[in-house]
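First up is the structure itself, then whatever we jot down about it.
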Protein chains: 2
Amino acid sequence: MRKNAKFDRDQVVNKATDLYWEKGFHATSMRNLQDVIDMRPGSIYATFGSKEGLFKEALKCYTQQGIAALHACRRETSSPISALQSFVKMLVIDSQTKAPNGMCMLAKTVAELTEDNAELLEEAKNSLKQIETEFALLIADAQALGEVKQNQTPRELARYIQIQISGLRVYAKTYGQEAPLDQMIEDMFTQYPF
Amino acid sequence: MRKNAKFDRDQVVNKATDLYWEKGFHATSMRNLQDVIDMRPGSIYATFGSKEGLFKEALKCYTQQGIAALHACRRETSSPISALQSFVKMLVIDSQTKAPNGMCMLAKTVAELTEDNAELLEEAKNSLKQIETEFALLIADAQALGEVKQNQTPRELARYIQIQISGLRVYAKTYGQEAPLDQMIEDMFTQYPF
DNA sequence: AAACTTTTTGAACGATCGCTCAATTTTAAC
DNA sequence: GTTAAAATTGAGCGATCGTTCAAAAAGTTT
């Protein structure tokens, strides 16, 4: 945290994000966090202010990484829709085994928190809206390229994608390997409303 | 809890269910529960064994009430599909304002818990599967009546419904009144795959 | 109404919670 | 090399956690 603070801070926030993502806000204790980020309580509180403060940074970190991953998918293909599709597959299928938690951290947070943590709840909601906006931009591109019909707006289609992701991730966690996720995601982009 | 224990026990479990539903497993303390169910710790532990034991009963209670509500919808109309649709509207729209929490308690639990509470997690997953089975039965009826095409199995369609409900409830909590939930639920039953 | 069983009570246990702060160590400036 | 500022440490604070259990109360049996 002393010099080159930026790099260390990012690393610390990343580790905190993974723990919060895995266990959720309430089930994660400051002592858990102390262990994984290897900082003593005084330093944590000097840097992040509170358990809520660190969680808020974790939400921002998670969101930025998500958007970066989406942009990475976009860069790897000329088709906006197949970029979106491979992003969804990453979220729904790969996250099940490779991520700290199969669920979306933002959806988990929206589900977990109440008005007792209004600021964090708002942050999570806003992040979800921000991601939906990114989807809409991608879909607008796809429509401009003639990849997608224009009888629904990008916003409406982005909303549809968001709902499918949330639903599929709960479903994937519930049913584990039994769910034919791959097929379901294919259908998502070939059937109505696409 | 002394004589006629059944009635009181149901009432107690109902109140506990509402609190757990509102706040989630980890954020609900035994002292919170003591207050809302008006029992002293000794009695609670004599009756339910532990915080986990009471939560397990709450999950069962929640699931039974959900299935009972679905059957009630079925009894009020001759169309299995419109029964299903009004059930979905109840879950997604009415729950937002009238229930302890807009989210499904089972989805919330699947999202919140890890292997640290394996038994409770399994209970929640099984309840979601049980409800999906109920959906499938209703859809099979609809297919028999010619209300629904037969090119997808009841199981597949029930799965689709489950995913839409999970997704829509996260979406509803995120966007509040902004989301055109009514229209989206209509589409759900008129567009693919119905 | 005495004897016995069952249920309820609530003080209190040890553990852990989020967090503070005086003391110490590390870094930067001169 | 000295000094001032900044960052880090970790013991420990008061509060709360899930839970226990001896004592009291309520119910049942005879």
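So you know, we letter chains A, B, ... as the sequences are listed, proteins then strands, and number each from 1.
The nearest heavy atom of DNA chain C to Asn32(A) and to Gly42(A) marks one nucleotide each, and the one closer to the 5' end goes with Asn32(A). Position along DNA chain D of the nearest nucleotide to Gln34(B) versus Ala46(A) favours Ala46(A) as the more 5'-ward residue.
The phosphate of dT16(D) (OP1 or OP2) has no side-chain N or O of Ser29(B) nearer than 4.0 angstrom. When the side-chain nitrogen and oxygen atoms of Thr47(B) are compared with OP1 and OP2 of dT7(C), none of them lie within a distance under 4.0 Å. Between Ser43(A) and dA7(D), a side-chain N or O to OP1/OP2 separation shorter than 4.0 Å is absent. Between Tyr45(A) and dT20(C) there is no side-chain polar atom (N or O) within less than 4.0 angstrom of OP1 or OP2.
Among the nucleotides dT9(C), dG18(D), dC19(C), the one closest to the side chain of Lys51(A) is dC19(C). Relative to the side chain of Arg40(A), the nucleotides dT19(D), dG10(D), dC13(D) differ in distance, and dG10(D) lies closest. Of the candidate nucleotides dT20(C), dG10(C), dG18(D), dT20(C) has the atom nearest to the side chain of Pro41(A). Closest to the Met30(B) side chain, of the nucleotides dG18(C), dT20(D), dG18(D), is dG18(D).
In this structure, Ile44(B) atom CD1 and dT20(D) atom C1' are separated by 13 Å, rounded to whole Å. With rounding to whole Å, His26(A) atom NE2 is found 14 Å from dC17(C) atom P. Between the CE atom of Met39(B) and the C1' atom of dT6(C) there is a distance of 14 Å, rounded to whole Å. We find that CG of Leu120(A) is positioned 14 Å from P of dG18(C), with the value rounded to whole Å. In this structure, Asp35(A) places its CG atom 15 Å from C1' of dG18(C), rounding to the nearest Å. One can place CZ of Phe48(A) at 14 Å from C1' of dT8(D), the figure rounded to the nearest angstrom. The interatomic distance linking Leu54(A) (CG) with dC17(C) (P) rounds to 15 Å, in whole Å. dT20(C) atom P lies 13 Å from atom CZ of Arg31(A), rounded to whole Å.
Remark: His26(A) NE2 to Asn117(A) CG distance equals 5.0 Å, nearest 0.5 Å.
Nearest heavy-atom pair across Thr77(A) and Ser82(A) is OG1-OG, 3.1 Å.
Side chain of Tyr62(A) to main chain of Met105(A): a donor-acceptor pair is present (N/O by atom type, distance under 3.5 Å, no hydrogens or angles).
There is no side-chain donor-acceptor pair under 3.5 Å between Asn14(B) and Thr17(B).
Between Phe25(A) and Tyr20(A), the ring-plane angle classifies as parallel under the 30° and 60° cut-offs.
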